[in-house]
**Q** 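Could you have a look at this structure, given as C-alpha cells, before my questions?
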Amino acid sequence: MSRSFAIVGAGFSGAVVARELAEDGHRVTVFDTRSHVAGNCFTERDSTGVMVHVYGPHIFHTAHEHVWDYIRRFGEMMPYRHTVRATVKGKVYRMPLNLTLINDFFGTNFTPEEAEAFVKSKADQTITTPVSFEDQGLRFVGRELYDAFFAGYTSKQWGVDPKELPASVLARLPLRFTADDSYFNHPYQGIPRDGYTTIVENILDHPSIEVYLSTRFSRSQMSDYDHVVWTGPIDAYFDFEHGRLGYRTLDFDKQVHDGDYQGCPVMNYCDADVPYTRITEHKHFAPWESHDKTVTYHEYSRLCGENDVPYYPIRLVEEKEQLLRYVERARAERNVTFLGRLGTYRYLDMDVTIHEALAAANGMREAMGAGTPIPSFFVDPLGGS
Ligand code: FAD
Ligand code: UDP
C-alpha cells in the first residue's frame, strides 16, 4: 500500500531513503532549509571553473561494494587516490604516519623493520588501555611524533585538551611502515566527475519525489504525512528542550590565486601557533581537469553557535548524557525515524551514511510489510564513541 513520507533534509541520508521509498511506490516529499541539495557534500563550479567542495573537502572512500555500486548508478566516479601533506615547523611531511615521514622526521634511513622497532621503542608501553586521545597518541607513536603531528592540530580542531578527547578520534588514522602514503585504506576511492550535487540531484530525480528547497520543515507539518524521516539535528526536533548538543563548526577563508598554490589537495598545519588547521586546494581533487586559476580554503575550527552550520559532533561525556535524554524521547515518538549524522549525532563518512540510509529503507520496508510500527532508529546513536 502506498504511503506518504516527508523527508527532512536533502543530504545523502535524505536523498537515498527518499529514492528507495519512491522506488517502492510511496509518495515522497523532501524538504531542505538550504537553497541546494546534497547537504554538506554540496559542490559547485566557481567562476574560475574549479569544482569547489563548498563545506570542506569530500573524498569518497569505502569498503562496501554495494555502496560503491550504488553511488556509481547516479554519476561517474573518477579514479582518485587521496594524499595529505603536513607542515610542521616549516617542513613538509607526507601523512599519514608512514616510513617516509618517520625517516624524514628523525633524519634516518630506516628499513620498514627498523622503523617499526624504533617507533615501538618510542611508544609509551606503560599505557595498556588508552582512554584519551593523548594516551592513544603516546601509546601509538611516542612523544616526539605525537607532539609534532597530533597535539597542536587536535587542540585547534577540537578546541579542547587532547586529554579530554576519546582515543577513538585518533584510532581512525593509519600507521604504516611502508612508503604507502594513501590517506585511506579502503579499496574503493573516487571523486564524482560532475560533483556530489549532480549525484544527489540524480538520486532525487524520480517521478514520485517532490523537493522543496529553502523550506524548513517543522513538527506542526507532521500530521500531513503517514511517516517522517528526520535527518536534521535531533535536538532541534525537540526544540532543544535538553539544551543544544555541542558541535564544532568551520570557517573557510576562500582565496583565488593564479597557477598552483600548494601543489597538493590538502596541507595540514600541525603547529599550535598557526591559527588554521589546514589549507585545501580544490582543483587537485579533479586531476583530470586543468585550470589557470586556483581556489583555496584556509580552514578554521571553532565551537558551533546557534546560527552556524554544525559540522563535527563533539560527543564528550556531557554531550553523551544530553544525547541519552534526546534518544529516550525519540524512542517514545511515533511516525518518525531519525537518520544521518545530525539525526543520530555521530560523525559519519558518506559511505556509512549511504549504507545506513539503505539499511533504514530496508528496515522500513520490513516493518510496513509486517504491519508493525516503523522504529525511531535503525542504529544505536549511543553506540561507539
Ligand atoms: P547533511 O549532509 O548534513 O544533510 C542534512 C540536511 O538536513 C542539511 O542539508 C540541512 O540543511 C537539512 N535540515 C536540517 N534541519 C532541517 C529542517 N528542519 N527542515 C529542512 N531541512 C533541514 N565524508 C566522507 O566520506 N569523506 C570525506 O572526505 C568527508 N569529508 C568531510 C569533511 C568535513 C569538513 C565534514 C564536516 C564532513 C565530511 N564528511 C566526509 C562527512 C559527510 O559530510 C557526511 O557523511 C554527510 O554530509 C552526511 O549526510 P547527511 O545527509 O546525514 O547530513
Ligand atoms: N589529526 C591530527 N593531525 C593531523 C591529522 C589528523 O592530529 O595532521 C587528528 C585530529 O584530531 C583529527 C583526527 O586525527 O580529528 C582524525 O583525522 P582525520 O583526517 O580523520 O580528520 P577529520 O576527518 O576528523 O577532519
Side-chain angles (χ1 to χ4, degrees), residues 6-17 30-42 53-62 67 71 82 84-88 93 95-97 101 133 136-137 145-146 148-158 160 162 165 168-174 183-184 186 189 191 196 200 212-219 221 228-234 236-237 247-250 252 265-270 277-278 280 285 297 299 301 309-313 339-344 346-357:
I7 311 290
V8 183
F12 267 113
S13 298
V16 169
V17 88
V30 179
F31 298 87
D32 206 299
T33 45
R34 294 175 178 179
S35 57
H36 59 74
V37 300
N40 274 5
C41 306
F42 176 62
H53 297 209
V54 175
Y55 299 92
H58 279 73
I59 301 97
F60 195 88
H61 54 99
T62 189
V67 173
I71 194 158
H82 191 47
V84 173
R85 301 286 188 264
T87 297
V88 174
Y93 297 91
M95 289 292 275
L97 298 201
L101 180 147
F133 182 97
Q136 176 75 21
L145 288 169
Y146 171 76
F149 292 95
F150 298 128
Y153 186 98
T154 297
S155 313
K156 292 190 288 186
Q157 167 83 350
W158 294 98
V160 293
L165 282 174
S168 58
V169 173
L170 184 53
R172 56 179 196 247
L173 279 190
Y183 203 63
F184 303 115
H186 286 153
Q189 283 187 52
I191 299 267
Y196 293 100
V200 176
Y212 291 91
L213 297 177
S214 306
T215 309
R216 178 173 302 281
F217 183 91
S218 70
R219 278 170 70 185
Q221 294 162 268
V228 171
V229 178
W230 183 274
T231 77
I234 186 170
Y237 178 89
Y247 281 93
R248 300 293 289 173
T249 192
L250 300 175
F252 300 110
V266 176
M267 177 70 76
N268 290 354
Y269 284 83
C270 300
T277 50
R278 57 182 176 178
T280 293
F285 293 120
Y297 269 16
E299 185 171 322
S301 168
V309 178
Y311 282 89
Y312 295 99
L339 188 70
R341 66 177 197 102
L342 301 169
T344 62
R346 290 172 306 146
Y347 179 85
L348 299 179
D349 274 328
M350 290 179 279
D351 66 322
V352 180
T353 302
I354 293 173
H355 174 72
E356 291 192 358

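The model shown is predicted, which means the values in this text are computed figures rather than measured ones. Atoms within a ligand are numbered from 1 in the order they appear, just like the ligands themselves.
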**Q** Please confirm whether T353 comes within less than 3.5 Å of ligand 1 when only nitrogen or oxygen atoms on both sides are compared.
**A** yes
**Q** In the structure I gave you, are the side-chain heavy atoms of F60 and I71 within less than 4.5 Å of one another anywhere?
**A** yes
**Q** Verify the distance criterion only: is there a donor paired with an acceptor across the side chains of R216 and T33 at less than 3.5 Å?
**A** no
**Q** Do ligand 1 and D349 have nitrogen or oxygen atoms that lie under 3.5 Å from each other?
**A** yes
**Q** Considering only heavy atoms from C-beta outward, does the side chain of H58 approach that of M350 to under 4.5 Å?
**A** yes
**Q** Could you establish whether T62 and ligand 1 come within less than 4.0 Å of each other, counting only heavy atoms on the residue side?
**A** no
**Q** Would G340 count as a polar contact of ligand 1, with the cut-off being nitrogen or oxygen pairs under 3.5 Å?
**A** no
**Q** Would you call F60 a ligand 1 contact, heavy-atom distance under 4.0 Å?
**A** no
**Q** List ligand 2's nitrogen or oxygen atoms that come under 3.5 Å of a protein nitrogen or oxygen, with the partner atom and distance.
**A**
residue: ligand 2; atom: 3 (N); partner: F149; partner atom: O; Å: 2.9
residue: ligand 2; atom: 7 (O); partner: F150; partner atom: O; Å: 3.3
residue: ligand 2; atom: 7 (O); partner: T154; partner atom: OG1; Å: 2.8
residue: ligand 2; atom: 8 (O); partner: N268; partner atom: ND2; Å: 2.9
residue: ligand 2; atom: 11 (O); partner: T154; partner atom: OG1; Å: 2.9
residue: ligand 2; atom: 11 (O); partner: W158; partner atom: NE1; Å: 3.4
residue: ligand 2; atom: 15 (O); partner: W158; partner atom: NE1; Å: 3.1
residue: ligand 2; atom: 19 (O); partner: Y183; partner atom: OH; Å: 2.6
residue: ligand 2; atom: 20 (O); partner: R172; partner atom: NE; Å: 3.2
residue: ligand 2; atom: 24 (O); partner: R172; partner atom: NH2; Å: 2.6
residue: ligand 2; atom: 25 (O); partner: Y312; partner atom: OH; Å: 3.0

**Q** Give yes or no for whether the N/O distance cutoff of 3.5 Å, strictly under, is met between L348 and ligand 1.
**A** yes
**Q** Would you please classify the geometry between the Y212 ring and the F31 ring as parallel, tilted or perpendicular, with 30° and 60° separating the classes?
**A** parallel
**Q** Can you tell me if Y55 contacts ligand 1 (heavy atom of the residue under 4.0 Å from the ligand)?
**A** yes
**Q** Among V17, L348, D351, find the one that has a side chain to side chain contact (heavy atoms under 4.5 Å, CB included) with E356.
**A** L348
**Q** With a cutoff of 4.0 Å, is F42 in contact with ligand 1, counting heavy atoms of the residue only?
**A** no
**Q** Does any N or O atom in G232 lie less than 3.5 angstrom from one in ligand 1, N or O only?
**A** no
**Q** Please confirm whether Y347 and Y312 have ring centers closer than 6.0 angstrom.
**A** yes
**Q** Check whether any side-chain heavy atom of V37 sits under 4.5 Å from a side-chain heavy atom of D32, and report yes or no.
**A** no
**Q** Which residues pass the salt bridge (Lys or Arg N to Asp or Glu O under 4.0 Å) test with R85, sequence neighbours left out?
**A** D181
**Q** Is the closest side-chain heavy-atom distance between V309 and R34 below 4.5 Å?
**A** yes
**Q** With sequence neighbours left out, write down each residue that passes salt bridge (Lys or Arg N to Asp or Glu O under 4.0 Å) with R341, or none if nothing qualifies.
**A** none
**Q** Could you work out, with side-chain contact (heavy atoms from CB on, under 4.5 Å) as the rule, every residue matching H82, not counting sequence neighbours?
**A** I59, Y80, V84, Y183, F184, Q189, P265, V266, F285
**Q** Compare V16, V200, D32 and give the one whose heavy atom is closest to atom 11 (O) of ligand 1.
**A** D32
**Q** Does a side-chain heavy-atom distance below 4.5 Å link H53 with T280?
**A** no
**Q** Quick one: does E299 get an N or O within less than 3.5 Å of an N or O on ligand 1?
**A** no
**Q** Determine, using heavy atoms of P310 and all atoms of ligand 1, whether some pair is separated by less than 4.0 Å.
**A** no
